[in-house]
Colleague: 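First the structure, which I've put down as structure tokens, then a few questions once you've had a look.
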Amino acid sequence: MKTIATLGPAHSQPWQATMQYDSEADIRLYPHVKALLDAFANREVEYAVLPVYNTREGEKKQYFRFFDQIKSGYWVDNVILHSTLSLGVFDEETTVEDLHLLIGKREAFNQCEEFIENQMPGITEMSVKDIAQTVAGIRRGGDVKGKAVLDSAETLNALGLRIVEREVAPHNRTRYAVLGHDLAPMTGYDATTLITEPLDDRVGILVDILSEFSRRGISIADMRTENDTKTQKLRIYLETEGHIQTDILASALAHIESRVIQQRGMIRILGSFSRVDMRTKYIKSFGFIGTGSMSRWFADRLENEGYEVISTGRSTALRPEEMVRRVDVVVICVPISVTSETVRRYGPLIEPGKALVLLAGESEETIKAALDSTHEEVEIMLVHNLWGPQAATMKDKNAIVVRTSRSGMFCGEFEAFLYKHGADIYHDSPAKHDLLMGIGQKLPTLISVALAMTLHDNKITSEDIASHCTLTSLYPILAMSRVHSQNARTYAEIMATTGDSRKIVADFARNLDRLIGMADAASIADLCALIDTNAAHLSEPFLQARMQQAKAVDEVLGRMI
């Protein structure tokens, strides 16, 4: 049987949280945090449970300071307690309007501040440490009129008080840390909490620390800073996603100590534990149709967020027909040329109240197929990620989101997943998406392939290119090389897209013919006027920003040539 220390008395919220954690344990109650932590540090108990955060009150900073008292042990788990703070009176006649004295603990007053201000403005508040002892004293004195107690419904019932108002602080949840003597094992869905020692002043140290996590794709779940009471130097509290025993997190912390803080022993790991999310998640499971590298890329990151992920395809034992019935959200991620066909095949199997997310590069035809083939209560959204499976993270990558009239709660949660991981999200209509993809993907790919064909036709070798290109003329050569050094099927699919992207290519071909004619006729003045017209349309801010990017590219290319 486990021995667990927590704050008393019985039926208090810490006691309820401990019972929720392990109702079979030997629960030992302590009057205050110092006594609790002393018992834990002296190994009088195996575990300790104490509150660290409340959704209404915020973080309990004093409890974080107590971690300094513990030189051994770890934060190993969490309990989320849904608090039922209510208002109790001593007799049958008293109403809320009769009250003149409100009794409760300090944290209860903080959590119920909104209710007190709205329903009992001006009432006298009496903050106490022991509710049971105070209630017993009032009963012995016999003067119960106009007095009320603010505490959990369980405590009020246990004390024999009559509840006149329930749930006076809605959405009130408290997070409790579970301390243990050994580091918790990895679960695959973990978080790590750490604290720094007082840090010497250095410009940008907080930004530099956070940047080390950001560039590795490690999300920060919680962060606080505080000046050390004694030295007034900065201390940082962080909760990051991932277990301390993973290579990526361990290397990040080692780099921060050696290269950013530049002092060893300045980071103390408070613990790693199964990740807790104070936010409500509506999606439990995703099912992928398509087992390619991009599907696996997304599946890995969704699993890391705690979702169940099932992948199906032509080669899997589990068929898509079976998978569709088992998940909340179906994700179709297959080659562009077969996306609409796949949607029409499996869309009718998706049950009402579920969602279909299309990871696709073509919008209008794909969304039309989805709307036509699914039940009207199936959510639908298209996401076009402008990065490949070689990308380490989504951070600063563009994601085009095409919502529909049937995009709802599940679609919003998937979009929040993209946002959390750092994607730059742009919303398009189906027609606008396809038109812009003509500029962003289809036309550049066609130009790259046509350029390679032209080099072949004219027997121009790679050595010829290297010796005769300026840095500026090297740009299309780089794009051409990128297209021809990766999966040919991917670029063939891009070139074969339909929709408004075809208009971009047709307009380009028409304008190219016009330019060739003007150039052959040596119409210098007309060509200059055309360039000026184009520059005015593109706008000066756009051109200046792109020039800065071009100069940065030139600088890199200049070092490599």
Side-chain angles (χ1 to χ4, degrees), residues 280-290 294-295 298-299 301-302 307 309 320 323-325 327-387 394 397-421 423-442 493-494 497-504:
T280 302
K281 283 185 176 179
Y282 299 99
I283 301 171
K284 291 184 174 61
S285 54
F286 285 86
F288 277 76
I289 298 177
M294 205 68 243
S295 292
F298 272 101
R301 283 151 182 80
L302 287 167
Y307 297 107
V309 178
M323 174 275 290
V324 165
R325 295 178 173 87
V327 300
D328 297 321
V329 179
V330 176
V331 182
I332 292 180
C333 183
V334 295
I336 297 172
S337 59
V338 296
T339 299
S340 295
E341 174 191 338
T342 305
V343 169
R344 292 189 183 93
R345 181 175 179 182
Y346 298 110
L349 305 179
I350 303 174
E351 298 170 354
K354 297 188 175 183
L356 171 60
V357 172
L358 306 159
L359 293 179
E362 187 174 49
S363 182
E364 280 192 282
E365 182 182 334
T366 307
I367 287 178
K368 183 178 185 306
L371 293 172
D372 290 345
S373 62
T374 58
H375 190 278
E376 62 182 10
E377 293 183 15
V378 172
E379 295 186 27
I380 292 172
M381 183 171 75
L382 182 140
V383 175
H384 185 185
N385 54 288
L386 300 186
W387 66 86
M394 302 183 207
K397 308 291 193 307
N398 292 340
I400 313 302
V401 172
V402 183
R403 299 179 67 88
T404 71
S405 58
R406 282 162 48 185
S407 298
M409 181 174 63
F410 285 175
C411 292
E413 188 168 326
F414 187 80
E415 188 172 335
F417 156 74
L418 299 174
Y419 178 81
K420 176 187 173 183
H421 283 260
D424 291 334
I425 298 172
Y426 298 89
H427 292 92
D428 283 348
S429 66
K432 182 181 178 183
H433 169 268
D434 289 352
L435 186 69
L436 290 176
M437 283 305 97
I439 291 292
Q441 287 192 319
K442 186 168 186 172
E493 295 265 354
I494 290 172
T497 53
T498 59
D500 283 356
S501 63
R502 292 178 296 186
K503 180 179 184 302
I504 293 295

Colleague: Would you give the length of the straight line joining atom OG1 of Thr374 to atom CD1 of Ile350, rounded to the nearest 0.5 angstrom?
Modeller: 6.5 Å

Colleague: To the nearest 0.5 Å, what is the distance between CD (Glu415) and CE (Met381)?
Modeller: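 Result: 5.5 Å between the selected atoms.
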
Colleague: Identify which one of Val357, Val329, Leu356 satisfies the side-chain contact (heavy atoms from CB on, under 4.5 Å) criterion when paired with Phe410.
Modeller: Val329

Colleague: Any sub-3.5 Å donor-acceptor pair from Ser373's side-chain atoms to Pro348's backbone N or O?
Modeller: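 Answer holds: no.
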
Colleague: Can you list the steps and then say if Phe288 with Leu302 is a side-chain contact (heavy atoms from CB on, under 4.5 Å)?
Modeller: CA-CA 11 Å; Phe288 277 76; Leu302 287 167; 3.8 Å; yes

Colleague: Checking Thr497 against Gln441 for the side-chain contact (heavy atoms from CB on, under 4.5 Å) test, could you report, in this order, the C-alpha distance in whole Å, the side-chain angles of both residues, the deciding distance, and whether it holds?
Modeller: CA-CA 10 Å; Thr497 53; Gln441 287 192 319; over 6 Å; no

Colleague: Between Met437 and Leu386, is there a side-chain heavy-atom distance shorter than 4.5 Å?
Modeller: yes

Colleague: Could you report the tightest heavy-atom contact between Leu435 and Asp500, atom names first, then the distance?
Modeller: CD1-O, 3.7 Å

Colleague: Only counting residues at least two apart or in another chain, list the ones meeting salt bridge (Lys or Arg N to Asp or Glu O under 4.0 Å) with Glu413.
Modeller: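 Partners of Glu413 by the salt bridge (Lys or Arg N to Asp or Glu O under 4.0 Å) criterion come out as none, since no residue qualifies.
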
Colleague: Where is the tightest heavy-atom contact between Val309 and Ala299, given as atom of each residue plus distance?
Modeller: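 In terms of heavy atoms, the two residues are closest at CG1-CB, 3.6 Å.
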
Colleague: Could you state the interatomic distance from CD (Glu362) to OG (Ser501), rounded to the nearest 0.5 Å?
Modeller: 6.5 Å

Colleague: Measuring from atom CG of Leu358 to atom CD1 of Ile380, what distance do you get when rounded to the nearest 0.5 angstrom?
Modeller: 7.0 Å

Colleague: Working note: Met394 + Leu418, criterion side-chain contact (heavy atoms from CB on, under 4.5 Å); need CA distance, chi angles, decisive distance, verdict.
Modeller: CA-CA 8 Å; Met394 302 183 207; Leu418 299 174; 3.9 Å; yes

Colleague: With a 4.5 Å limit on heavy-atom distance, are the side chains of Lys281 and Phe417 in contact?
Modeller: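 In short, these two side chains do not touch, never coming nearer than 4.5 Å.
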
Colleague: Is it the case that more than 12 heavy atoms not belonging to Lys284 sit under 6.0 Å from its NZ atom?
Modeller: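 Counting neighbours around NZ of Lys284, 12 or fewer heavy atoms of other residues, nucleotides or ligands fall under 6.0 Å, so no.
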
Colleague: Parallel, tilted or perpendicular: which fits the ring planes of Tyr307 and Phe286, with parallel below 30° and perpendicular above 60°?
Modeller: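 Tyr307 vs Phe286 ring planes: perpendicular.
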
Colleague: Under a 4.5 Å cut-off applied to non-hydrogen side-chain atoms, are Leu349 and Arg325 in contact?
Modeller: yes

Colleague: Strictly distance-based, threshold 3.5 Å: is any side-chain N or O of Lys368 a donor or acceptor partner for the main-chain N or O of Ser340?
Modeller: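 Here the side-chain-to-backbone pair does not exist.
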
Colleague: Quick check against the 3.5 Å criterion: does Glu493 have a side-chain atom that pairs as donor or acceptor with the backbone of Pro335?
Modeller: no

Colleague: Please list all pairs passing the side-chain hydrogen bond (donor to acceptor under 3.5 Å, both in side chains) test where one or both residues lie in residues 428-437, with sequence neighbours left out.
Modeller: His384-His433

Colleague: Is the shortest heavy-atom distance from the side chain of Leu359 to the side chain of Phe298 under 4.5 Å?
Modeller: yes

Colleague: Counting only heavy atoms not in Lys503, do more than 12 sit closer than 6.0 Å to its NZ atom?
Modeller: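 Atom NZ in Lys503 is not crowded, with 12 or fewer foreign heavy atoms closer than 6.0 Å.
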
Colleague: Between Thr498 and Glu365, is any pair of side-chain heavy atoms under 4.5 Å apart?
Modeller: yes

Colleague: Working to the nearest 0.5 Å, report the span between SG of Cys411 and CD of Glu379.
Modeller: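 CD of Glu379 is found 4.5 Å from SG of Cys411.
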
Colleague: Report yes if some heavy atom in the side chain of Ile289 is under 4.5 Å from a heavy atom in the side chain of Met323; otherwise report no.
Modeller: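 Yes, side chains in contact.
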
Colleague: Has Asp328 got a side-chain atom pairing as donor or acceptor with Ser285's backbone, closer than 3.5 angstrom?
Modeller: yes

Colleague: Do Glu364 side-chain atoms and Gly499 backbone N/O form a donor-acceptor pair below 3.5 Å?
Modeller: no

Colleague: Looking at CD of Glu376 and CG of Leu371, how far apart are the two atoms once the value is rounded to the nearest 0.5 Å?
Modeller: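 Going from CD on Glu376 over to CG on Leu371, the span is 11.5 Å.
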
Colleague: Which pairs, with at least one residue in residues 332-358 and sequence neighbours excluded, count as a ring pair (Phe, Tyr, Trp, His ring centres under 6.0 Å)?
Modeller: none

